[in-house]
Amino acid sequence: MPLLTYRKALNDAFAEEILRDENVFLMGEEVAEYNGAYKVTEGLWKRFGSKRVIDAPISEAAFVGLGVGAALVGMRPVIEMMFWSFVYVAFDQLMNNAGCVRYMSGGLANVPMVIRGPANGGTNVGATHSHTPENLLANLPGLKIVCPATAYDAKGLMKTAIRDNDTVCVMENTLLYGEKWEVPEEEYTIPLGVADVKREGSDLSFIAHGRAAITCLKAAEILEEQHGIRAEVVDLRSIRPLDEAAILRSVAKTHRVVVVEENKPFCGVGAQIASMIQEKAFDDLDAPVLRVSALDAPAIYSMPLEKMQLPTPERIVKKALEIC
Amino acid sequence: MPLLTYRKALNDAFAEEILRDENVFLMGEEVAEYNGAYKVTEGLWKRFGSKRVIDAPISEAAFVGLGVGAALVGMRPVIEMMFWSFVYVAFDQLMNNAGCVRYMSGGLANVPMVIRGPANGGTNVGATHSHTPENLLANLPGLKIVCPATAYDAKGLMKTAIRDNDTVCVMENTLLYGEKWEVPEEEYTIPLGVADVKREGSDLSFIAHGRAAITCLKAAEILEEQHGIRAEVVDLRSIRPLDEAAILRSVAKTHRVVVVEENKPFCGVGAQIASMIQEKAFDDLDAPVLRVSALDAPAIYSMPLEKMQLPTPERIVKKALEIC
Amino acid sequence: MTSSSEEKNGAAELGAKVNYSATPVNQSLTAEDKILFLRQMYRIRRFEQASLKSYNQGKLGGFLHLYIGQESIAVATASLMGKHDHIITAYRDHGHALAVGMGMNECMAELFGKRTGCSKGKGGSMHYFAPDKNFWGGHGIVGGQTPMGMGIAFAMKYRGHKGSCFAFLGDGAVNQGVFSESLNIAALWEIPVIFVIENNRYSMGTSLARSSSIKGSLAARAEGYNIDWELCNGADFYQTRAVLGAALERAHEQNKPSVLEVSTYRHYGHSVADANAKKYRTEAEIEEYKQFHDPLRVWQKTLEDEGVLTEEMATSIDREAKAEAVAAVEFADDSDFPDPSEIFQDVYWEVDNKTEAASTGRYFFGDGAPA
Amino acid sequence: MTSSSEEKNGAAELGAKVNYSATPVNQSLTAEDKILFLRQMYRIRRFEQASLKSYNQGKLGGFLHLYIGQESIAVATASLMGKHDHIITAYRDHGHALAVGMGMNECMAELFGKRTGCSKGKGGSMHYFAPDKNFWGGHGIVGGQTPMGMGIAFAMKYRGHKGSCFAFLGDGAVNQGVFSESLNIAALWEIPVIFVIENNRYSMGTSLARSSSIKGSLAARAEGYNIDWELCNGADFYQTRAVLGAALERAHEQNKPSVLEVSTYRHYGHSVADANAKKYRTEAEIEEYKQFHDPLRVWQKTLEDEGVLTEEMATSIDREAKAEAVAAVEFADDSDFPDPSEIFQDVYWEVDNKTEAASTGRYFFGDGAPA
Ligand SMILES: Cc1ncc(C[n+]2csc(CCOP(=O)(O)OP(=O)(O)O)c2C)c(N)n1
Ligand SMILES: Cc1ncc(C[n+]2csc(CCOP(=O)(O)OP(=O)(O)O)c2C)c(N)n1
Ligand SMILES: [Mg+2]
Ligand SMILES: [Mg+2]
């Protein structure tokens with residue numbers, strides 16, 4: 001299988017879906033002529049033209065709202081937030097319109113829209129540019145949240161998200177855009193709500209999403225090599241819908257859990273997972289469910305400290321050893 | 001002690017703080033000449049004039065931002081969201097400016113601002129008007145979140161919030177505005193971060209905030225009368241800072257916990273509390289920490305169903321009996 | 001644009017001088033058409049009064065924003081809409097709903113929170129929808145509907161339809177940032193959206209002068225975005241219809257947006273819960289509008305003057321409208337509330353439709369949630 | 001407002017015809033003042049170039065938005081500010097920072113993420129602050145600083161100070177809704193805020209024509225809010241200073257807001273990471289601006305023509321600026337990174353100041369968090 005970057009895998013997903021369905025269009029700041037701030041949409045404007053790939057002014061609230069309106073009448077907008085951090089200026093459109101309009105219409109309407117872009121820290125851009133709002137959005141029934149950790153997942157999940165008839169928020173990661181993974185040449189999709197066991201293990205379960213899953217894989221290696229502990233890594237892939245069954249299967253096997261996320265700890269995704277596990281697998285647990293999150297401060301700029309602020313393999317290993 | 005409504009207690013807090021500190025001003029839609037959509041600011045414009053009590057256009061982002069700017073130079077804005085549900089149009093100003101500016105300035109700046117208003121469902125106004133964003137805001141280190149359950153708490157916490165040198169989000173409740181509690185005539189304040197045990201008990205702990213604490217008191221009565229179970233009710237009062245010690249004290253006493261909130265369940269405040277308790281009091285627990293939240297859908301309009309959607313005493317009792 | 005900003009800002013008063021009944025869009029109207037418009041205004045008015053009565057009887061709760069006094073605008077709009085023309089508005093949405101053809105029954109039942117309501121009792125007064133009639137709500141967050149309206153119009157153009165979307169907002173709503181953002185995008189991309197500001201002079205208890213700094217009019221702000229704009233007097237049905245019609249033509253023929261500001265007045269308070277309704281407006285002002293600028297009365301008078309309508313006809317139209325409203329209340333009364341299990345329906349399309357996508361992962365959490 | 005919209009939209013070109021050096025605000029300038037302005041422009045330019053070099057050496061990361069080509073605007077602004085005049089801008093903030101008197105050392109150290117940085121290495125390039133110099137940042141979210149600037153100006157008026165706030169934004173930022181909302185409030189409440197649009201013709205790779213639908217100019221949108229507005233040519237220091245000065249007077253004397261649009265150009269890409277900097281703009285265009293509209297060059301020439309400055313003086317000013325920048329890089333290099341424990345500092349004022357409020361409840365959660 002060819003090795004593809006996360007970026008290219010996404011790019012291919014867009015191209016394939018644009019070709020497949022004439023209702024699909026991409027919209028966002030600098031996505032067209034500039035090829036995207038992070039080059040995720042490179043070449044697509046040239047190939048598909050201004051009708052399908054559209055540069056927008058810096059008016060996130062209006063163009064997310066435009067997307068909702070277009071989706072109501074059957075279009076399939078794929079809207080880029082140059083950074084998910086910028087979604088707060090468009091938050092109302094996402095929470096009240098994309099998220100609630102189906103309910104408030106008694107099911108008469110639906111909003112088949114994708115909002116996508118990177119949501120991560122670790123790139124020296126400071127607090128305003130390093131938000132990870134997956135927990136905020138997942139709080140609202142009506143929205144779906146996807147956080148792919150690999151190029152393979154990114155492509156398969158993105159294609160599914162675009163075909164989904166509800167609003168899907170896809171959180172990418174600038175630190176992964178340049179990383180390569182095997183991606184099949186033939187078409188494939190990955191369903192939302194199916195976690196991926198990225199590494200099998202018997203002693204301990206890491207539950208993670210997005211780039212944290214990759215960090216867990218590194219931690220699992222260290223644990224195996226240095227401590228003889230075999231950790232399982234469950235990559236959630238989607239936060240809502242959530243594959244609770246996969247989490248509980250892993251817990252039943254290992255009896256020990258560390259939930260890892262780049263999210264901030266307070267009411268983060270890890271809180272939900274930990275609370276769910278202790279409720280549904282109380283008797284399976286040999287130790288409390290522990291959590292590793294971003295250190296609890298706004299994202300710091302300073303380079304070495306910023307690296308420490310996100311979960312590192314070392315911090316994860318240390319946490320794992322507390323219960324192993 | 002005189003009985004005062006929650007509404008009047010807040011009103012008194014504003015009047016006292018306006019008199020105490022000339023930097024304090026109230027701002028929001030209809031807070032002045034109209035006396036407030038829910039009459040919380042009744043009479044204050046007449047008494048203190050247009051300099052201190054200011055009607056704003058329907059531009060939440062701009063007047064929250066105005067508040068941040070004014071607070072930077074030492075003013076103490078008290079800004080009303082007519083409903084906290086409307087904060088999503090101003091979310092960026094709260095998250096990135098109020099919440100992050102101190103950090104990004106290396107501590108050179110601070111934002112002594114209060115944002116307040118009702119945040120609750122249960123009043124037949126549908127999904128767009130029934131959001132409870134305490135968990136979303138508490139996720140961000142930099143903001144403080146307070147959810148008073150009684151008139152006494154509302155007044156004491158509001159006065160503290162206004163004097164606090166960081167941004168405090170105070171979530172009131174329209175269903176409580178007309179309820180009465182004893183409120184002393186002499187001045188008092190209540191520190192943030194101190195939970196209040198609203199009822200002592202030995203068999204089970206309810207951990208709750210805002211109106212859910214009142215509902216827990218009703219549930220506790222039923223449990224005592226009908227089942228001989230003595231439930232303790234811990235009212236968190238503030239979500240961030242959080243009185244973890246008080247929670248853990250109660251758990252150590254009762255060994256059984258139900259966390260109750262009007263928040264939506266996924267990544268709600270209850271998730272954070274449950275995850276914390278199982279981590280820090282794993283061996284104290286005789287049963288999993290259970291949760292009661294709003295039923296997991298956008299707020300429904302239909303009157304009888306809306307009542308069911310919020311935690312009811314009956315639902316709480318049922319949940320408690322699962323572990324008692 | 002043909003006329004200058006100053007001229008236009010004075011246009012609403014000058015309106016009377018132009019014979020709007022002779023504009024192409026109005027000239028072709030038959031007597032039946034004209035009577036139908038009156039009937040629709042009566043239907044809206046009687047529906048609103050019936051809902052107010054039901055509210056006062058405690059049969060419904062929450063907010064109730066009455067459209068009485070503004071009926072001409074929704075009726076004129078609906079009368080112009082073709083297959084690919086859409087409409088979206090804010091929470092004061094009953095008039096638009098009835099004008100596009102929604103039934104009183106499902107509208108009343110929605111207020112009562114019944115499963116027979118247009119939104120199955122889930123949305124309430126502020127959140128009516130009828131996609132089959134190109135009516136996209138009913139939205140509770142001030143200004144939030146404006147970019148959605150633009151998106152619907154965008155889709156019409158994308159698909160090559162001769163279509164548009166009328167996006168309504170209030171005089172207070174123009175100060176929501178997303179509306180300004182939408183003006184820029186609509187103009188930049190030539191999107192056939194028609195923003196209609198229903199200027200009833202107040203946003204809750206705040207007069208226009210206390211909410212907005214303007215140069216002559218709110219619509220004149222469109223000038224800065226190079227968007228065509230017009231003012232008109234909502235009490236003059238012909239004028240309103242002519243101005244709306246011209247904007248629609250601009251949308252259909254040139255894919256161009258418009259901003260229209262229609263002066264109007266709400267006879268009642270902001271909502272039924274508005275205890276101050278008579279404090280921030282003088283009795284005299286309210287009376288003046290009811291007596292001399294009520295679009296229903298004015299239109300009825302116009303038709304009588306034209307000899308199209310007799311007093312008896314008007315009385316019977318009114319009687320029918322009242323009867324229909326009474327029947328709608330009965331229908332709503334007799335309908336059932338939704339079943340508690342329905343709380344978890346209509347959240348996700350994929351779940352409701354039991355698709356493959358719904359079979360993987362958990363969608364709902366906490367008590368009562370289907371696995 | 002005196003002149004019509006059309007006249008003003010043409011004013012920037014006509015600018016040359018007015019003798020701005022003779023306006024009161026400029027007439028009183030001494031030779032030293034004028035040379036100081038040149039020195040400040042050189043300092044900004046050399047600082048930016050040194051930071052670029054450091055970036056290319058991998059000493060800093062993230063974004064780096066250079067102000068080269070726009071220096072006159074920040075320098076003219078700072079030269080007008082009194083005790084109660086404040087300033088706030090976006091992420092392209094180094095020029096404003098140096099102009100108001102921040103040292104190159106703490107500015108460079110901030111880029112390097114060092115604890116000696118102006119924000120202790122916590123904010124980075126986009127988030128400089130110096131409250132003691134009335135400089136309120138440095139803000140990363142496009143347009144987000146505009147209402148804050150209004151709030152600062154609001155506070156000056158509230159306190160009865162003769163004060164103001166200059167709130168800067170880019171030509172792309174005008175399309176953020178919160179800016180429009182702020183225009184309305186500033187005008188409605190007569191807040192002495194001066195919105196300065198630094199129109200460098202591009203927002204990232206998007207030209208003004210592709211981002212904004214306008215009537216003549218961006219600033220002309222202020223007309224709809226009944227706000228005074230002016231255009232000016234940023235390459236003409238006297239003109240820029242005169243226009244800014246007039247707005248400041250309007251703020252001080254009448255508590256009135258202004259919208260100013262200063263035409264300018266950035267010689268470099270949007271940020272250092274902008275790989276396309278030479279794709280969306282032609283080489284010829286960039287060269288044209290560098291050659292003929294560079295505010296530093298133009299100002300130097302003006303002073304030489306006035307006989308205030310010799311070539312030698314200019315050379316030594318430049319040499320000093322370069323040396324200062326080199327020293328700043330050394331300073332930044334030699335400084336320490338913050339200690340990991342500092343991650344949890346500067347989040348809450350009450351915690352940092354160990355007040356009673358900090359003694360109750362838990363403020364931080366998860367790993368490493370102080371209890
Ligand atoms: C973002 C937001 N802010 C505030 C409100 C509360 N609110 C509802 S209607 C209204 C007044 C709107 O007035 P206007 O736009 O003139 O419309 P009208 O009610 O006159 O039809 C306000 C303040 C809201 N629903 N949404
Ligand atoms: C809300 C928001 N959207 C998008 C961005 C990304 N972004 C940063 S700067 C910029 C361009 C701004 O251009 P302009 O306002 O003209 O200022 P200039 O960079 O030219 O100084 C964009 C799109 C952001 N920081 N914030
Ligand atoms: Mg109005
Ligand atoms: Mg620019």
Side-chain angles (χ1 to χ4, degrees), chain A residues 22-23 25 51 54 56-75 77 89-90 92-93 96-97 100-112 141-144 160 163-166 191-195 237-238 240-246 272 276, chain C residues 86 88 110 117-124 126-127 129-132 136-141 144-156 158-159 165 177-178 180-182 184-185 188-189 191 344-350 352-353 355-365 371:
Chain A
E22 64 182 5
N23 291 307
F25 64 88
K51 184 175 178 185
I54 305 164
I58 314 173
S59 305
E60 286 86 354
F63 66 75
V64 169
L66 184 154
V68 178
L72 283 172
V73 291
M75 304 289 301
V89 299
D92 172 62
Q93 292 296 325
N96 277 311
N97 293 346
C100 293
V101 79
R102 177 167 183 75
Y103 201 68
M104 296 188 307
S105 69
L108 292 174
N110 61 310
V111 184
L143 297 177
K144 299 179 181 178
T160 305
R163 299 179 192 186
D164 196 280
N165 286 303
D166 299 302
L192 312 188
V194 179
R237 294 207 288 209
S238 85
R240 189 166 190 147
L242 180 71
D243 193 347
E244 282 192 1
Q272 176 64 27
M276 182 279 286
Chain C
H86 297 257
I88 192 167
E110 186 61 30
C118 53
S119 297
K120 298 188 192 159
K122 289 184 166 171
M126 303 194 283
H127 306 117
F129 286 83
D132 61 325
W136 296 99
H139 294 275
I141 301 296
Q145 72 281 7
T146 55
M148 285 193 283
M150 173 168 73
I152 294 166
F154 172 92
M156 293 306 109
Y158 185 100
R159 293 196 166 142
C165 185
V178 73
S180 305
E181 294 186 3
S182 301
N184 181 54
I185 290 182
L188 193 68
W189 295 347
I191 297 176
F344 294 101
Q345 290 170 16
D346 304 316
V347 180
Y348 293 103
W349 189 96
E350 301 285 354
D352 297 333
N353 289 280
T355 63
E356 216 186 304
S359 70
T360 50
R362 191 178 183 91
Y363 280 83
F364 300 98
F365 300 84

Query raised in the report: By salt bridge (Lys or Arg N to Asp or Glu O under 4.0 Å), which residues pair with C/Arg362, not counting sequence neighbours?
Result: A/Glu244

Query raised in the report: In terms of heavy-atom pairs under 4.5 Å with chain A, which of C/Ile88, C/Thr146, C/Val347 leads?
Result: C/Val347

Report summary line: Rounding to 0.5 Å, atoms CD1 (C/Ile185) and OG (A/Ser59) come to a distance of 4.5 Å

Query raised in the report: What option among A/Ala109, A/Pro191, A/Pro57 has the most heavy-atom pairs under 4.5 Å with chain C?
Result: A/Pro57

Query raised in the report: chain A: which of C/Ser182, C/Gly144, C/Ala153 shares the most heavy-atom pairs with it under 4.5 Å?
Result: C/Gly144

Requested in this report: Using modelled atom types only, decide if a donor and an acceptor are shared between the side chain of A/Asp166 and the backbone of C/Trp349 within a distance under 3.5 Å.
Outcome: yes

Query - Most contacts with chain C, counted as non-hydrogen pairs under 4.5 angstrom, among A/Ser238, A/Pro241, A/Ala70 - result: A/Pro241

Query raised in the report: Can you check side chain to side chain contact (heavy atoms under 4.5 Å, CB included) on A/Asn23 and C/Arg159, steps first, answer last?
Result: CA-CA 9 Å; A/Asn23 291 307; C/Arg159 293 196 166 142; 3.0 Å; yes

Report summary line: Sorted by chain and residue number, the side chain to side chain contact (heavy atoms under 4.5 Å, CB included) partners of C/Asp352 (sequence neighbours excluded) come out as A/Arg102, C/Gln345, C/Asp346

Query raised in the report: A/Met75, A/Met104, A/Arg163: which one forms the most heavy-atom pairs within less than 4.5 Å of chain C?
Result: A/Met104

Query - Stepwise side chain to side chain contact (heavy atoms under 4.5 Å, CB included) test for C/Phe365 and A/Arg240 - result: CA-CA 10 Å; C/Phe365 300 84; A/Arg240 189 166 190 147; 3.9 Å; yes

Query - Option in A/Asn96, A/Val68, A/Asn97 with maximal non-hydrogen atom pairs under 4.5 Å from chain C - result: A/Asn97

Query raised in the report: Can you tell which of C/Phe129, C/Phe154, C/Tyr158 has the highest number of heavy-atom pairs within less than 4.5 Å of chain A?
Result: C/Tyr158

